Asks: 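Mind looking over this structure? Questions follow.
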Amino acid sequence: MTSSCWNRFFCGLVFLCFGFLGLITSPAEAAIKKYQFDVQVKNVSRLCHAKSIVTVNGRFPGPTIYVREGDRVVVNVTNHAQYNMSIHWHGLKQYRNGWADGPAYITQCPIQTGSSYTYDFNVTGQRGTLWWHAHILWLRATVYGAIVIMPKQGTPFPFPQPHREAEIILGEWWNVDVEEFVKKANNLGLAPNTSDAHTINGKPGPLFPCSEKHTFVMEVEQGKTYLLRIINAALNDELFFAIAGHNLTVVEVDAVYTKPFTTQAILIAPGQTTNVLVQANQASGRYFMATRPFMDAPVPIDNKAATGIFQYKGIPNTVLPSLPQLPVSNDTSFALSYGKKLKSLNTPNFPANVPLKVDRKLFYTIGFGKESCPTCLNGTRFVASLNNISFEMPQVGLLQAHYFNLKGVFKTDFPDSPQTPFNYTGAPLTANLGTSTGTRLSKIAFNSTVELVLQDTNLLTVETHPFHLHGYNFFVVGTGIGNFDPAKDPAKYNLVDPVERNTVGVPTGGWTAIRFRADNPGVWFMHCHLELHTGWGLKTAFVVEDGPGSDQSVLPVPKDLPPC
C-alpha cells in the first residue's frame, strides 16, 4: 500500500480489512505494528516555488500510522537530514514510558544526523485520531502525519458506522526555508513572517497560483456517510473548517468520544484533532472544503483560505465548486459557543472520570514581554512566560536528569501561582514585571489530583493560546472571559460531562480550568502549541513522582536512547 491509495482516503478501509505493516496474530490478541521512518530531504513545489523540505519517507504529509487499541507500536527513526530530529506521538499517553514521548531535551536528546532511535510504545485505553510530528525547532512545518487508532476487534463506534473514512490534515506552507527565516528573525529579535498559504493534506488548493494540481479531492457517493479525521498541524494558527452546503456532526476530539452535535463549521487549534460525520446528502456536484484562521486579537495572520474539493461521484471536474460560509476571522462568539458544545460522551462504556476532589491547585498566568538584546534590530527581543518565568531549554534530556538524579539540570521550584498578582486582563501593560528565565519545573505527587487554571494576561497584548500537556488527557471543567475568580467561578464548573482532551485553547483575555489525575510518572512537557510562543519560552514541565507499586515507576532507559 502506498501514498497513491486515493490521497490516503482508502487507507483506513484497507487497514480494517487487512491490517497495516505489522504482525497480526488473532482478533483477540494485540499486534505489533512496525514502521520505518527515514527522515530525508525532498524537493517539493507549491505556489510556483520549489524548495527542499524535511520529510519522512519522502512524503508530505508523512505516512499514517494505523493501529488498534491495545497494539504495540515500534517505529525506527533514521535521520538522514542535516538537522537533529525527534518525533512526538501527540496525544498518546505513554504510561511510564516518557522515553517514547519525543520532545527534544525534555524526554530525550535529539536523533543526530546519520543516527537512529526506535520509539517503542503501547496504545492502551485509547482509540480515535491522534497525530505525530517533529518536536524540535520548526521542523514540524513539514514533518507530520496522522495516527489512526481503531477500536478493539468487535467493538463498534458509539455512532453510526461510516461508509468510508478520510484523514484531513490542515497545515501551513512557506515559500522560503522555514529554519533559515526563523533563525534570522530570532537573531533580529523579530517575529517570523506569517505563512504564505494554508494547506489541506499538504495542498493549498486552486485559489492559489500554480495550485490546480495541488488540490486535495475527496470523491463521495450520494447518500453515504463519511468520517473525517481532521488534524490541525499548523504551526501558529487556530483554524475554521467547513464544507459548502454540508453539516458536520462532531463525534470525537483528541481521540475521546463526545456527545454528538451538528455544526456548519468547526474550530480546531494547533495540536487538536476532531472527528466529524458528514452525509453526502446534497445535490450531486462539487463543493469546496475550506480552512481559514481564527484570530480575535490584534496580531497579524495569514488570512487566506486553503481549499479542497468534496466531489460527488460521476460529476465532471469542469463543474465549478461552491465556497462554504466560514465564520469571520475574529468571530469570538462562535469560538466560545462552539467550545461550550463540546462534552464528554460519559456513558458506562466511556465514562468521564472527572476528579471531584482536588489535592493540588495551580494558577498559571500567560504573559509576553521584551528583554534586552543589544545585537537585535530594536535592542530588544520578545519573551513569553508562565507565572513570569520564561522556560530555558536544557542541554540534557530532563527525563534522563530526573531518572539518574543528575544535579544542576533543573529545579523543582516552579511557583504554584504568580508571585505578583495584578489585574491580569485590564489595561495593556508594557512592563514584563521582571520576567526571569530558568529551567524550573513543578513536582507533582503520584496519583494526586490537580486543578490548573491557565489565565491569559494583557502583558503587551491578550491572545488565544492552545496548551498541550504531554503524557495525559485532562478535563476542561471551566472557561471564561476576564480574570478568573476563585471565589465564584468554580461553582460554575462542569464536573459531570466536561470535554476530555490533550490540547485546550485559553480564550483571548480569558481563562481555562483543567483537572487531571497525576498517575503517569515521569517528566511531562506542557507548552503553548503555537510554535512562535513556544520558542519565546511559553512552556514548562511537570515532574510526576514514582508511585509505591512495582508498576508505578518510570520504565528503564532504552539501550539506543540518543546521546546528549
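It should be emphasised that the depicted structure is a prediction, and the values quoted were computed from it without experimental measurement.
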Asks: Can you measure from OG1 (Thr113) to CD (Gln82) and round to the nearest 0.5 angstrom?
Replies: 7.0 Å
Asks: Hey, does the side chain of Asp546 reach the backbone of Gly522 with a donor-acceptor pair shorter than 3.5 angstrom?
Replies: no
Asks: Hey, can you tell me if Tyr119 and Trp89 have their rings parallel, tilted or perpendicular (30° and 60° cut-offs)?
Replies: perpendicular
Asks: Between Cys564 and Gln395, is there a side-chain heavy-atom distance shorter than 4.5 Å?
Replies: no
Asks: Is any side-chain heavy atom of Val253 closer than 4.5 Å to one of Leu342?
Replies: yes
Asks: Can you check whether Ile32's main-chain N or O pairs, donor with acceptor, with Asp71's side chain at less than 3.5 Å?
Replies: no
Asks: To the closest 0.5 Å, what do you measure between OG1 (Thr291) and CG (Leu170)?
Replies: 4.5 Å
Asks: Find the distance between OG1 (Thr464) and CG (Leu530) and round it off to the nearest 0.5 Å.
Replies: 7.5 Å
Asks: Carefully, step by step, assess Phe404 and Leu399 under the rule side-chain contact (heavy atoms from CB on, under 4.5 Å).
Replies: CA-CA 8 Å; Phe404 292 111; Leu399 182 57; over 6 Å; no
Asks: Roughly how far, to the nearest 0.5 Å, is the OG atom of Ser116 from the CG atom of Asn79?
Replies: 8.5 Å
Asks: For Lys361, does the NZ atom sit with more than 12 other heavy atoms under 6.0 Å from it, leaving out its own atoms?
Replies: no
Asks: If you round to the nearest 0.5 Å, how far is CG of Leu561 from OG1 of Thr107?
Replies: 8.0 Å
Asks: Check whether any side-chain heavy atom of Val74 lies under 4.5 Å from a side-chain heavy atom of Thr118, and answer yes or no.
Replies: yes
Asks: Run the side-chain contact (heavy atoms from CB on, under 4.5 Å) test on Thr512 and Asp456 for me, step by step, so that the C-alpha distance in whole Å, both residues' side-chain angles and the decisive distance to 0.1 Å come before the verdict.
Replies: CA-CA 9 Å; Thr512 294; Asp456 188 30; over 6 Å; no
Asks: Can you confirm whether the side chains of Asn76 and Thr78 place a donor and an acceptor under 3.5 Å from each other?
Replies: yes
Asks: Taking the six-membered ring for Trp, are His470 and His527 ring centroids under 6.0 Å apart?
Replies: yes
Asks: Check whether the ring centres of Phe542 and Phe525 lie less than 6.0 Å apart, and answer yes or no.
Replies: no
Asks: Taking Trp174 for the side chain and Asn193 for the main chain, is one N or O donor matched with an acceptor at less than 3.5 Å?
Replies: yes
Asks: Is any side-chain heavy atom of Pro466 less than 4.5 Å from a side-chain heavy atom of Val504?
Replies: no
Asks: Hey, does the Lys NZ or Arg CZ of Lys203 hover above the aromatic six-ring of Trp173, less than 6.0 Å from the centre and inside 45° of the axis?
Replies: no
Asks: Looking only at non-hydrogen atoms, find the nearest pair between Leu555 and Tyr403 and report the distance.
Replies: O-CE1, 3.7 Å
Asks: To check you understand the geometry: which heavy-atom pair defines the closest contact between Val476 and Pro498, and what is its length?
Replies: O-CB, 3.3 Å
Asks: With the side chain counted from C-beta on, respond yes when Phe294 and Leu239 share a heavy-atom pair under 4.5 Å apart, and no when they do not.
Replies: no
Asks: Please name the pair of heavy atoms, one in Val383 and one in Ser390, separated by the smallest distance, quoted to 0.1 Å.
Replies: CB-OG, 4.3 Å
Asks: Step by step, work out the side-chain contact (heavy atoms from CB on, under 4.5 Å) result for Asn84 and Ile136.
Replies: CA-CA 8 Å; Asn84 289 342; Ile136 183 170; 4.1 Å; yes
Asks: Would Phe363 and Tyr424 satisfy ring pair (Phe, Tyr, Trp, His ring centres under 6.0 Å), going step by step from the backbone distance to the final call?
Replies: CA-CA 12 Å; Phe363 182 78; Tyr424 305 115; 5.6 Å; yes
Asks: Can the ring centres of Phe121 and Trp99 be said to be less than 6.0 Å apart?
Replies: no
Asks: Looking at side-chain heavy atoms only, is the closest gap between Cys376 and Asn187 below 4.5 Å?
Replies: no
Asks: Should the pair Lys51-Asp177 be classified as a salt bridge under the 4.0 Å nitrogen-to-oxygen rule?
Replies: no
Asks: Parallel, tilted or perpendicular for Phe368 and His465, by the 30°/60° rule?
Replies: tilted
Asks: For Arg140 and His90, does a side-chain donor sit closer than 3.5 Å to a side-chain acceptor?
Replies: no
Asks: Which atom pair, heavy atoms only, marks the closest approach of Asn520 to Lys93?
Replies: ND2-O, 2.8 Å
Asks: Just by modelled atom types, is the Thr129 backbone N or O under 3.5 Å from a matching donor or acceptor in the Glu252 side chain?
Replies: yes
Asks: Taking all non-hydrogen atoms of both residues, which atom of Gly189 and which atom of Phe382 are closest, and how far apart?
Replies: O-CD1, 4.0 Å
Asks: Say whether, by atom type as modelled, one donor and one acceptor occur between the side chain of Asp302 and the main chain of Lys304 under 3.5 angstrom.
Replies: yes
Asks: Under a plain distance cut-off of 3.5 Å, with no hydrogens placed, do Ser86 and Gln108 share a side-chain donor-acceptor pair?
Replies: no
Asks: Does any non-hydrogen side-chain atom of Met150 lie less than 4.5 Å from one of Glu165?
Replies: yes
Asks: Is the backbone of Val123 close enough, under 3.5 Å, to the side chain of Gln126 for a donor and an acceptor to pair up by distance?
Replies: no
Asks: Please lay out, stage by stage, how Arg229 and Glu167 fare under the test salt bridge (Lys or Arg N to Asp or Glu O under 4.0 Å).
Replies: CA-CA 5 Å; Arg229 299 177 179 270; Glu167 297 124 42; 5.8 Å; no
Asks: Report the C-alpha distance between Tyr472 and Trp524 in whole Å, list the side-chain angles of each, state the deciding distance to 0.1 Å, and finish with yes or no for side-chain contact (heavy atoms from CB on, under 4.5 Å).
Replies: CA-CA 9 Å; Tyr472 288 91; Trp524 302 106; 3.7 Å; yes
Asks: Is a side-chain donor or acceptor of Gln40 paired with a backbone partner of His80 at a separation under 3.5 angstrom?
Replies: no
Asks: Please tell me whether Asn473 and Glu500 have a donor and an acceptor in their side chains that are separated by less than 3.5 angstrom.
Replies: yes
Asks: Do His133 and Tyr144 have their ring centres less than 6.0 Å from each other?
Replies: no
Asks: Using atom types as modelled and distance alone, determine if a side-chain donor or acceptor of Asn57 lies under 3.5 Å from a backbone N or O of Gln36.
Replies: yes
Asks: Considering all heavy atoms of both residues, which atom of Val523 and which atom of Ala541 are nearest to each other, and what is their separation?
Replies: CG1-CB, 4.2 Å
Asks: Any luck finding a side-chain donor-acceptor pair between Asn43 and Ser52 under 3.5 Å?
Replies: yes
Asks: Taking the basic N atoms (NZ, or NE/NH1/NH2) and the acidic carboxylate oxygens, is any pair closer than 4.0 Å for Asp413 and Lys411?
Replies: no
Asks: Spell out, as yes or no, whether a donor-acceptor pair under 3.5 Å connects the side chain of Asp359 to the backbone of Thr449.
Replies: yes
Asks: Parallel under 30°, tilted from 30 to 60°, perpendicular over 60°: which one fits the rings of His88 and His468?
Replies: tilted
Asks: Donor-acceptor pair, distance only, cut-off 3.5 Å: does the side chain of Arg72 make one with the backbone of Asn122?
Replies: no
Asks: When rounded to the nearest 0.5 angstrom, what distance separates CD in Glu172 from CH2 in Trp138?
Replies: 8.0 Å
Asks: Which one of Thr274, Ile268, Ile200 satisfies the side-chain contact (heavy atoms from CB on, under 4.5 Å) criterion with Ile168?
Replies: Ile200
Asks: In the structure I gave you, are the side-chain heavy atoms of Arg46 and Pro204 within less than 4.5 Å of one another anywhere?
Replies: yes
Asks: Do the side-chain N and O atoms of Thr457 and Thr365 include a donor-acceptor pair separated by under 3.5 angstrom?
Replies: no
